[in-house]
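Single-structure report; data block below.
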Amino acid sequence: MKAKWLYRIAAAFFVLFAAGHTIGFLHLRAPSAEGRAVFDAMNTVHFVVSGRTYSYGEFYRGFGLSCTVSMLFSAFVAWHLGEVAGSAPSAIGALGWIFAAVQVAGLVLSVIYFGPPPAILSALVAILLGYAAWLARA
């Protein structure tokens, strides 16, 4: 398989990852009374930073949505690298390897903190990006 298509497949997985992540964290409801208490406290306890009132729930949603934006940007980068791999693969250089390494770091974090579904998807994307970088090497 050509690097171009591996990057394109990775881009599609990043879009799926972004959608799953966003739906998952916005609709997650704790199954226990203790978990619901923590969630409620995150959203009802407010504090002031630089004259503006926030809650931990707002920070949670903000960070979660920023992760979604980063995943969508990764989808764009993967798609773009697919274009470059089709026309000038040597121009990708170290970016392909760094992109794969970042995904391996995401895989490790997924294994430690998020469980099997995100870890499996992270592993698939890491493999795709690593193989694409290997195929596109100069």
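For the numbers below, each heavy atom of this structure counts, side chains included, while hydrogens, waters and symmetry mates do not.
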Give the cluster check for Leu121 versus Val111: same hydrophobic cluster or not, with ILVMFWY residues linked at side-chain heavy-atom distances below 4.5 Å. no
Just how far is it from atom CZ of Arg137 to atom OG of Ser90, taken to the nearest 0.5 Å? 12.5 Å
Linked, directly or transitively: Val125 and Phe99 (ILVMFWY side chains, under 4.5 Å): yes
Between Arg36 and Pro31 (side chain of the first, backbone of the second, donor and acceptor by atom type, cut-off under 3.5 Å), is there such a pair? yes
Looking at Val104 and Ala126, what are the two nearest heavy atoms and their distance? CG2-CB, 4.0 Å
Closest heavy-atom contact between Ser122 and Gly106? OG-O, 4.1 Å
Measure the shortest side-chain to side-chain distance between Phe73 and Val69 over non-hydrogen atoms and say whether it is less than 4.5 angstrom. no
Side-chain donor-acceptor pairs of residues 4-16 under 3.5 Å, sequence neighbours excluded:
unit_1, atom_1, unit_2, atom_2, d
Arg8, NH2, Glu83, OE2, 2.0

Between Asn43 and Arg61, is any pair of side-chain heavy atoms under 4.5 Å apart? yes
Are any non-hydrogen side-chain atoms of His21 and Pro118 less than 4.5 angstrom apart? no
Selection residues 45-54 - residue pairs positive for salt bridge (Lys or Arg N to Asp or Glu O under 4.0 Å), sequence neighbours left out: none
Who else is in the cluster with Tyr56 when I, L, V, M, F, W and Y are joined by side-chain contacts under 4.5 Å? Phe25, Leu26, Leu28, Val38, Met42, Phe47, Val49, Tyr54, Phe59, Tyr60, Phe63, Leu65
Under a 4.5 Å side-chain heavy-atom rule over Ile, Leu, Val, Met, Phe, Trp and Tyr, are Trp79 and Leu72 clustered together? no
Taking atom NE2 of His46 as the centre, report whether more than 12 heavy atoms of other residues, nucleotides or ligands fall under 6.0 Å from it. yes
Please tell me whether Phe114 and Leu124 are part of a single hydrophobic cluster in this structure, the criterion being side-chain heavy atoms less than 4.5 Å apart. no
Closest non-hydrogen atoms of Ala30 and Gly35, given as atom of the first, atom of the second and distance, are CB-C, 3.3 Å
Do Phe76 and Phe17 land in one hydrophobic cluster if side-chain heavy atoms of ILVMFWY residues count as linked below 4.5 Å? yes
